[in-house]
Amino acid sequence: MSWSKIEMADKVISLIENGSSVNLGIGMPTLIAQRMPIEKNVMIQSENGVLGVEGRPTKDKVSPTLINAGKETISIKKGASFFDSALSFGMIRGGHIDYSILGGMEVDVEKNLANWMIPGKKVTGMGGAMDLVNGSKKVIVMMAHFSKSQKPKLTRKCSLPLTGAAVVDLVITDLGIFKPNGQRFEIIELAPKITELECSLP
Amino acid sequence: MTKDSDPFKKVYANAQEALDGLCSGMSIMSGGFGLCGIPENSIDAITQMDIKDLTVISNNIGNSGRGLVKILVQKKIKKAYCSYVGGNPDLEQQILNKEIEYELVPQGTFAERIRAAGMGIRGFYTPTGYGTVVADKKEIKVFDRPCILELPLDADFAIIKAQKADPYGNLWFKEAARNFSPLMAMAAKITVAEVEELVELGDIPPEDVHVPGIFVQRIYQGKNYQNDIEFLITKDNQ
């Protein structure tokens, strides 16, 4: 039984220490804000200039100037602050963010991450990802285990242009939690009834 | 004394007047993250101007067919500097079809290059992008770890949007609408700020000024703001 996206988000939350600062990337990671228990006292940063993201607003509190990195409407909690992009990335590059949780296209055993383009086919752009993987204390990649064409996204060597070299600490997929150690992926946990064989690890 | 040189006479009638002097071949910085905080009126005015070969510096160059995409699809942009293309299929197509020159800049480096231009910093070393194509042909220096040399990014014009301005050009932004705008205001020769509210001198308390007026040359009151939300997600539909 592979994990749902919500179960993946809850797994990531269980890995995050109480009281830490966390940046959430576009896509699946934004689920973490919605699921984060208030008593963990985590401050969620959004690269567009928000520290203290809470979750989703009620209909009457929606504001076009209150969005996350994925341009989705958000709510903020008490103690939140707004700032410009230079300060936001100073926070990131300056080592003030404990965890960066972001999506991926490929991660390899040497802790490399690729998540911003497929040459000739797709240009997403790196956005803040290159700053985040180099500046945050811990980098957790949250992604589907297999691509849409059923290729494993955990590989021996990334084939796509890199976002960062030797930067990934942990990978969480719908099949489990994996730690690249330079030679291979260590299995930290597998989803219920998932076998190592099904993970097609390199 | 020209209008640009009197520090208390910066208010223009509309976007057309405030953009006077913007010509083909010039560079423009535009504030906004996605569609949040974009200078809607200035962008619309540029769609009406007979200019081309622009260099446009903006985090997303518009999104979802809106914002700067209106200028992009008119083929007025020769070169784009941005960090993120996702959500902007028009830009992605022009890149893949090699119809536009572009430089993808990591977002923190993008912000810092613009800030550096405005702050008189001639270059800086950052670990961001080391080991990737971003480092290609750039000087590398090893501090505690390898870093790459990045250079300032300036422009002829900055077009930005704030919630409030006073006649000196002191600006106040709402919530997360600030993003790149304060940096761009510092980095451009002429900064054109459009606002939802023009207020009197002194109405923005000095401790609440987000951008001091010294960085803003022209101001006008915008109109018909759409303030589009790209992805509306509430507690009820999350």
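Residue numbers begin at 1 in each chain, while the letters A, B, ... track the order of the sequences.
Atoms NZ and CG, from A:K71 and B:N63 in turn, are 5.0 Å apart once rounded to the nearest 0.5 Å. The CD1 atom of B:I233 sits 11.0 Å away from the CD1 atom of A:I74 when rounded to the nearest 0.5 Å.
With a 4.5 angstrom heavy-atom cutoff, A:K121 touches chain B only via backbone atoms. With a 4.5 angstrom heavy-atom cutoff, A:N68 touches chain B only via backbone atoms. When heavy atoms are compared at a cutoff of 4.5 Å, B:L232 approaches chain A by way of both its backbone and its side chain. Both the backbone and the side chain of A:L66 come within contact range of chain B, with heavy atoms under 4.5 Å apart.
More than 12 heavy-atom neighbours from other residues, nucleotides or ligands sit within 6.0 angstrom of NZ on B:K79.
Evaluated for a side chain to side chain donor-acceptor pair (under 3.5 Å) with A:T65, the options B:E175, B:K174, B:R178, B:Q163 yield exactly one hit, B:E175. If you run side-chain contact (heavy atoms from CB on, under 4.5 Å) between A:F89 and each of B:E112, B:Q107, B:R115, only B:Q107 comes through.
Annotation for B:V134 and A:M126: closest pair CG2-CE, 3.8 Å, computed over non-hydrogen atoms. The minimum heavy-atom distance between B:E92 and A:V123, with the atom names listed, is OE2-N, 2.7 Å. Scanning all heavy atoms of the two residues, the minimum distance from B:D228 to A:P64 falls at O-CB, 4.3 Å.
Looking at B:T128 and A:D131, their side chains do bring a donor and an acceptor atom within 3.5 Å of each other.
Within the 3.5 Å criterion, the main-chain N or O of A:G164 finds no donor-acceptor partner in the side chain of B:T132.
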